[in-house]
Protein chains: 2
Amino acid sequence: MGSAEVLASVDIVALRLNARGGLELLLGRRAQAPYEGQWALPGVLVNGRSADLNLDSAAERALHSKAKARPQYLEQVATVGNAVRDPRGWSLSTFYLALLGPDDELLDQDLRFVPVEEVLDERFPLPFDHAQLVAQSRERLAGKAVYTSLPLYLLPARFTVTEALAAFQASLGQAVQHTTLRGRLEKMKQAGWIVETGEKNYPKMGRPQNLLEHRPQPEQPFVFDRSVLS
Amino acid sequence: MGSAEVLASVDIVALRLNARGGLELLLGRRAQAPYEGQWALPGVLVNGRSADLNLDSAAERALHSKAKARPQYLEQVATVGNAVRDPRGWSLSTFYLALLGPDDELLDQDLRFVPVEEVLDERFPLPFDHAQLVAQSRERLAGKAVYTSLPLYLLPARFTVTEALAAFQASLGQAVQHTTLRGRLEKMKQAGWIVETGEKNYPKMGRPQNLLEHRPQPEQPFVFDRSVLS
DNA sequence: ATAATAGTGTCTGTGAGACATTATGTA
DNA sequence: TACATAATGTCTCACAGACACTATTAT
């Protein structure tokens, strides 16, 4: 039966929003060959010997065993498989999009964040086809940001409209009218997904900002019935 | 390296629209154990020895080696993996949604179509977790039918508005206003995705129907910027 | 003429887009 | 007071929903 089998892994495209409104990708230094010592997507092999109940828990294991923080959102994106992506032979990778809160600390020297754009334009090369996996996950995020509240999972539970604008802009790659976003947040309030805390945030300049609180329902983002764009 | 590997397959959820406006699922009789002789989703094992270039071509092989017809649309839905779905042990299945034209003939005694509802409500039980894969693929179709032209891939290239209504109703599980659908088809005309043939179809009763022709662009369905529902 | 079905027109409601206006803080 | 930024209001436009009305065939 051994030769009927194939090399399979789960890889994580974990994104967070940095203070300048850009998306950053979590990378880990590979501990084993191939590409030992290089920066790559965190991932684990899946096979009968690992204790994973299923693929989703393997994804959680991959993320938790490296970065300590749990993702605020985790979604399977797709699976790629071919003969050339891994020098060891025909292999499969099921990859997940993970959205992290902005403040997660890196406790580990073998972890770092890099701006996604640097990965996508090859300034920061990744081994295997990992840059392609990042690109597909990025597209998934952008696609869903058009008609769901997905970018809010890049924010802390309590957030301001300005922060939400930054999350949508980073996810979509383009600006959103703040009035449009306010309308959508209003809908989410009515549905109980967002509550007005009554508290305010006092930045150095300008009018104080209302603090909202995100109350996400189990797993799926809020779905709107229109596109934000044009 | 052998024990680092895992059993992986590609399975196909191929749907077509029958004359009564219902969705039917393509099944094949299993030639090998486990579940030899039972009706199940057509699928193939993927491993280094099969000549597939990649997962997508393995999916095409799975469909083409069984049913002769090529799908009008093929999309990867997801991958499931756990220790219990296959009696042989930890296994992966990457499954695809395929949309077929309505007239495909079955040349093979080991192939048949069954109504999807019978599979979803367990009246027609399937081995492994295949009913679950069908349910997820069905949801993908319904989800995309809300804001894309995906159901048109269930029709022949030349179709009428009435047929398009049936395809959307079957995909969504609920009726669509014909005026709404006409508006969407009009948009697709302007974008060059649909052309008016000028010919008409003459049913037994009633006013003749305009014949439209679907000119799908490479791979992705036409995307509208609103939901059809409420 | 009548039945049956296809196609068009009209009115309403919703929410995005753009932009102006008002509100509330700091220096 | 001046400035910076947040929040609200207004007007337009596109399109879905509902429903009425007109058009074109067969019997």
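Letters A, B, ... are given to chains in the order of the sequence lines, protein chains preceding strands, and every chain is numbered from 1.
Between the CD atom of B/Glu199 and the C1' atom of D/dT25 there is a distance of 17 Å, rounded to whole Å. Between the CZ atom of B/Phe224 and the P atom of D/dA16 there is a distance of 8 Å, given to the nearest Å. Following rounding to the nearest Å, A/Lys200 (NZ) and C/dG25 (C1') show an atom-to-atom distance of 10 Å.
Using a 30° and 60° split on the angle between ring planes, A/Tyr153 and A/Tyr73 fall in the tilted class, from 30° to 60°.
The backbone N or O of A/Leu155 sits less than 3.5 Å from a side-chain atom of A/Gln72, completing a donor-acceptor pair. Between the side chain of A/Ser149 and the main chain of A/Phe222, a donor-acceptor pair closer than 3.5 Å is present. At least one donor-acceptor pair under 3.5 Å links the side chain of B/Gln76 to the backbone N or O of A/Thr79. Side chain of A/Gln190 to backbone of A/Lys187: no donor-acceptor contact under 3.5 angstrom is found. B/His130 places no side-chain N or O within 3.5 Å of a backbone atom of B/Ala40 that could act as its donor or acceptor partner.
Under the rule for a ring pair (Phe, Tyr, Trp, His ring centres under 6.0 Å), the partners of A/Tyr147 that lie at least two apart in sequence or sit in another chain are B/Tyr147. Checked against side chain to side chain contact (heavy atoms under 4.5 Å, CB included), B/Ala145 has the following partners two or more places apart in sequence or in another chain: B/Pro151, B/Ser171, B/Leu172.
Fit an axis to the five pairs at each end of the helix from C/dA1-D/dT27 to C/dA27-D/dT1 and the two axes sit 20° apart, to the nearest 10 degrees.
Under the 3.5 Å distance criterion, with hydrogens and angles disregarded, a donor-acceptor pair is assigned to the side chains of A/Ser93 and A/Asp11.
If you check residues 201-214 of chain A against DNA chain C, the residues with a heavy atom closer than 4.0 Å are A/Tyr202, A/Lys204, A/Gly206, A/Arg207, A/Pro208, listed by number. Against DNA chain C, the stretch residues 152-190 of chain B makes heavy-atom approaches under 4.0 Å through B/Val161, B/Thr162, B/His178, B/Thr179, B/Arg182.
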Donor-acceptor list for residues 192-199 of chain B side chains, cut-off 3.5 Å, not counting sequence neighbours:
{"unit_1": "B/Glu196", "atom_1": "OE1", "unit_2": "B/Lys189", "atom_2": "NZ", "d": "2.7"}
{"unit_1": "B/Glu196", "atom_1": "OE2", "unit_2": "B/Asn210", "atom_2": "ND2", "d": "3.3"}
{"unit_1": "B/Thr197", "atom_1": "OG1", "unit_2": "B/Glu199", "atom_2": "N", "d": "3.1"}
{"unit_1": "B/Thr197", "atom_1": "OG1", "unit_2": "B/Leu211", "atom_2": "O", "d": "2.6"}
{"unit_1": "B/Glu199", "atom_1": "OE1", "unit_2": "B/Arg158", "atom_2": "NH1", "d": "3.2"}
{"unit_1": "B/Glu199", "atom_1": "OE2", "unit_2": "B/Arg158", "atom_2": "NH2", "d": "3.4"}

